[in-house]
Amino acid sequence: LLTATKYTDGSKWRFLEHKGPVFAPPYEPLPDKVKFYYDGKPLKLSAPAEEVATFFAKMLDHEYTTKDIFRKNFFKDWRKEMTSEEKSKITDLNKCNFSDMNEYFKAQSEARKQMSKEEKQKIKEENERLLQEYGFCIMDNHKERIGNFRIEPPGLFRGRGDHPKMGMLKRRIRPEDIIINCSKDSKHPKPPPGTKWKEVRYDNKVTWLASWTENIQGSIKYIMLNPSSRIKGEKDWQKYETARRLKKCVDRIRNQYRDDWKSKEMRIRQRAVALYFIDKLALRAGNEKEEGETADTVGCCSLRVEHIKLYPKMDDQEYVVEFDFLGKDSIRYYNKIPVEKRVFKNLQLFLENKQPEDDLFDRLNTSILNKHLQELMDGLTAKVFRTYNASITLQQQLKELTCSDDSIPAKILSYNRANRAVAILCNHQRAPPKTFEKSMQNLQTKIDEKQNQLSAARKQLKAAKADHKASHDDKSKKIEEQLMKLQVQATDREENKQIALGTSKLNYLDPRISVAWCKKWDIPIEKIYNKTQREKFAWAIDMAEKDYEF
DNA sequence: GGCAAGACTTGGCGGGACATGT
DNA sequence: ACATGTCCCGCCAAGTCTTGCC
């Protein structure tokens with residue numbers, strides 16, 4: 001576990017120097033011609049109230065501005081920004097008319113799109129300058145890219161799913177809110193003129209450069225390094241090494257939990273069934289959440305009775321469990337799987353005398369589960385199973401799907417299919433792209449055209465042969481290749497309609513498996529990883545040979 | 001030993017940069 | 001040169017797990 005760690009005392013660095021964060025630009029009041037109307041009459045708002053009003057005005061096209069909770073939360077927070085005079089006048093959100101403001105912002109964004117090349121270039125250069133000045137730090141002896149050096153601008157909190165806090169005001173972050181972390185002997189970042197940092201500290205047991213507390217959940221936000229940095233790369237490597245250690249003992253652990261299904265103790269049975277789900281279905285751990293603070297979502301340990309249904313028989317299968325719940329980001333998990341009889345009987349037992357809203361595993365939580373896992377293997381936690389099962393699935397699928405005589409595009413289709421198997425396992429879904437149908441149609445048109453080209457070329461070839469002229473075979477071959485490429489593209493896109501590959505690629509698949517596969521089949525790594533991904537996985541690209549085994 | 005705070009990883013989405021075709 | 005389509009990246013949120021405190 002310590003092989004990747006630079007220091008043994010738990011410190012993460014010796015030297016850290018940076019320029020601090022970039023703050024959101026200050027609020028620019030609206031031109032006088034842009035009006036806000038209350039109860040049909042124009043009303044000039046104070047700057048603070050106007051700013052918050054613009055947040056709402058910008059969102060008018062979104063469905064959520066019609067939602068009760070959103071409106072209620074917004075109005076409550078908006079009123080806090082009003083002068084007492086405004087407060088007494090503006091008492092009903094339904095009497096507020098933001099449409100003039102909304103149109104103004106639409107025009108603004110249209111104007112931005114219509115900007116000349118020179119103007120766009122100028123903005124680009126300014127961004128580049130900011131990046132050069134604030135986007136890097138020195139950690140130990142290396143210049144490293146910072147992940148998020150810009151402070152999030154104020155706005156209305158949306159959240160995902162049915163969030164009880166949607167519409168609340170996310171307040172502006174000032175230098176006085178920021179804790180700076182750097183090394184004592186570094187050139188300290190300067191707060192903007194006339195301001196002060198909340199605190200400057202020298203804590204080399206953590207990796208962040210700056211932090212502040214946000215006002216919606218009261219949680220801490222951080223400025224940290226980019227995934228390409230040494231500190232993130234080593235951590236990532238360590239994660240996959242832990243997953244590989246699980247590979248060595250997963251059989252033992254599986255036997256153990258199967259055994260535990262028979263335990264006399266309820267808590268052990270629950271633990272064993274939960275672990276089986278985490279292993280087999282790649283469920284997340286499922287920490288407890290504070291009710292009313294976030295959307296109602298669950299993971300394995302927090303599953304409730306209402307989230308599963310048991311079917312002793314379903315079609316030709318026995319002991320089927322149906323899962324239906326909202327997981328992380330309120331993404332629906334729906335699955336029907338046959339389980340061992342013992343698991344089924346246990347589930348029936350866990351459900352006895354319970355209400356739909358009761359916990360399925362009432363004697364279990366993530367802390368108990370992880371404590372148990374820690375005893376089974378050093379560094380083992382619930383999420384290691386997701387990493388392990390994702391990576392081992394990719395490796396197996398690649399072995400199974402790659403055909404040595406396939407062309408490069410066909411091999412890449414196989415890679416994407418292997419990746420897809422993992423994404424499905426991890427339930428990484430996406431909304432079908434808005435332009436999906438159209439883009440499929442376009443592709444089909446191209447395929448048809450190509451087919452026509454091909455038959456034309458073949459006809460030509462036949463004629464040429466009859467005339468004993470030089471062969472045009474090369475031409476049809478080239479067209480055939482292009483056609484095949486298009487067909488592969490169409491298949492890939494269709495299969496990927498509702499699947500998101502990015503998350504598993506970035507977070508769950510040991511990059512050395514992909515690097516080895518590329519080397520083995522002579523696929524350029526650029527076909528699998530884009531520039532950002534190659535930077536993040538530089539360690540693996542350096543390290544893995546074609547015979548690498550996860 | 002339980003709980004809140006803290007630190008860090010994982011997640012989907014949309015806008016805009018960039019590529020591609022006409 | 002321009003329109004259109006694609007993909008990347010930043011945004012910002014939501015998880016997991018550890019640490020620290022009473």
Side-chain angles (χ1 to χ4, degrees), chain A residues 10 12 62 109 112-113 115 117 120 123-124 127 131 135 147-153 155 157-161 163 165-166 170 179 181 203 205-208 211 213-214 216-227 231-232 235-236 238-239 278 284-290 293-295 297-302 326-331 365-371 373-374 379-387 390 423 426-431 433-436 438-443 446 449 489 493 498-508 529-533 535-536:
Chain A
K12 308 282 171 68
H62 288 281
S109 97
R112 227 170 298 129
K113 275 182 215 153
M115 273 188 313
K117 222 172 224 153
K120 281 183 181 166
I123 293 174
K124 207 175 157 188
N127 277 333
L131 172 68
N148 55 326
F149 59 94
R150 288 169 194 275
I151 300 278
E152 294 168 20
F157 178 80
R158 175 59 187 87
R160 317 254 161 84
H163 199 113
K165 299 196 170 184
M166 65 168 83
K170 204 171 79 164
I179 301 173
N181 194 32
D203 183 358
K205 298 282 197 288
V206 297
T207 67
W208 52 267
S211 74
T213 303
E214 55 89 26
I216 302 291
Q217 314 283 355
S219 68
I220 306 170
K221 298 245 184 176
Y222 302 92
I223 289 182
M224 289 186 186
L225 297 194
N226 185 277
I231 210 154
K232 294 287 185 190
K235 200 80 191 293
D236 209 34
Q238 235 180 80
K239 174 180 79 183
I278 283 169
R284 296 187 186 81
N287 284 309
E288 291 125 293
K289 302 169 72 182
E290 222 174 316
E293 293 292 299
T294 61
T297 63
V298 297
C300 186
C301 294
S302 51
L326 297 182
K328 181 175 178 179
D329 293 320
S330 295
I331 299 289
N365 60 40
T366 56
S367 151
I368 295 171
L369 179 67
N370 281 333
K371 234 167 243 158
L373 293 176
Q374 179 56 40
L380 187 61
T381 61
K383 86 186 183 84
V384 179
F385 281 87
R386 253 168 101 81
T387 312
C426 294
N427 200 40
H428 291 143
Q429 299 187 36
R430 64 165 181 179
K434 287 191 177 72
T435 54
F436 185 82
K438 200 169 133 219
S439 96
M440 281 312 286
Q441 269 171 21
N442 289 346
L443 204 45
K446 279 190 193 172
E449 276 168 19
Q489 208 184 339
R493 192 173 300 174
Q498 310 202 59
I499 312 286
L501 300 185
T503 300
S504 50
K505 203 180 219 179
L506 238 41
N507 299 302
Y508 289 103
Y529 291 138
N530 68 32
K531 186 162 156 283
T532 318
Q533 294 165 337
E535 281 167 8
K536 166 166 176 164

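FYI, side chains are in, hydrogens and waters are out, and symmetry mates aren't considered; it's all heavy atoms of this structure.
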*Residue pair A/S302 / A/N287: nearest heavy atoms and the distance that separates them*: OG-O, 4.0 Å
*Respond yes when some side-chain nitrogen or oxygen of A/T503 is under 4.0 Å from OP1 or OP2 of B/dG12, and no when none is.*
yes
_Mutual orientation of the aromatic rings belonging to A/F157 and A/H163 [parallel < 30°, tilted 30-60°, perpendicular > 60°]_ = perpendicular
*Pair pattern of DNA chain C in dot-bracket, where unpaired bases get dots and | marks partners in another strand, Watson-Crick or G-U under 3.5 angstrom*: ||||||||||||||||||||||
*Write down the distance between CH2 (A/W208) and C1' (B/dC8), rounded to a whole number of angstrom.*
13 Å
*Using only side-chain N and O atoms of A/K124, determine if any of them is under 4.0 Å from OP1 or OP2 of B/dC18.*
yes
_By the 4.0 Å heavy-atom rule, please label A/L506 as base, sugar-phosphate, or nothing._
nothing
*Have a look at A/P227 and say if it touches a base, only the backbone sugar-phosphate, or nothing, with a 4.0 Å heavy-atom cut-off.*
nothing
*Choosing from B/dG11, B/dA7, C/dT6, which nucleotide comes nearest the side chain of A/N507?*
B/dG11
*Return the value, rounded to whole Å, for the distance between atom NZ of A/K12 and atom P of B/dA7.*
10 Å
*Phosphate OP1/OP2 of B/dG11 contacted by A/Y508 side-chain N/O (<4.0 Å)*: yes
*For B/dT9, does either OP1 or OP2 sit under 4.0 Å from a side-chain N or O belonging to A/K232?*
yes
*Which of these nucleotides, C/dC12, C/dT6, B/dG16, is closest to any side-chain atom of A/K113?*
B/dG16
*Can you check the A/K505 NZ to C/dC7 P distance for me, whole Å?*
11 Å
*Using atom CD of A/E290 as one end and atom P of B/dA4 as the other, report the distance to the nearest whole Å.*
7 Å
*For A/W208 and A/N181, work out which heavy atoms get closest and say how close.*
O-ND2, 3.1 Å
*DNA chain C: A/N530 or A/I151, which has the more 5' nearest nucleotide?*
A/N530
*What integer distance in Å separates A/N365:CG from B/dA4:C1'?*
15 Å
_Nearest-angstrom distance from the residue atom CG of A/N148 to P of C/dG10_ = 10 Å
_Nearest-angstrom distance from the residue atom CD1 of A/I223 to C1' of C/dG10_ = 14 Å
_Measuring to OP1 and OP2 of B/dC8, would you say a side-chain N or O of A/T207 lies under 4.0 angstrom away?_
yes
*Of all heavy-atom pairs between A/A382 and A/L369, which one has the smallest distance, and what is that distance?*
CB-CD2, 4.3 Å
_Rounded interatomic separation in angstrom, taking CG from A/D236 and P from B/dT9_ = 8 Å
*Please check if any side-chain donor atom of A/E214 sits under 3.5 Å from a side-chain acceptor atom of A/S219, or the reverse.*
yes
*Going 5' to 3' along nucleotides 13-22 of chain C, which nucleotides have protein heavy atoms under 4.0 Å from the base (write B), which only from the sugar-phosphate (write S), and which from neither (write -)?*
SBSBB-----
*Where do A/F149 and A/G135 come nearest, in terms of heavy atoms and distance?*
CD2-CA, 3.6 Å
*Which residues share a side chain to side chain contact (heavy atoms under 4.5 Å, CB included) with A/K170, sequence neighbours left out*: A/E152, A/N215, A/I216
*Below 4.0 Å: OP1/OP2 of C/dC9 and any side-chain N or O of A/K531*: no
*Nearest heavy atoms of A/N507 and A/K239, plus distance in Å*: O-NZ, 2.8 Å
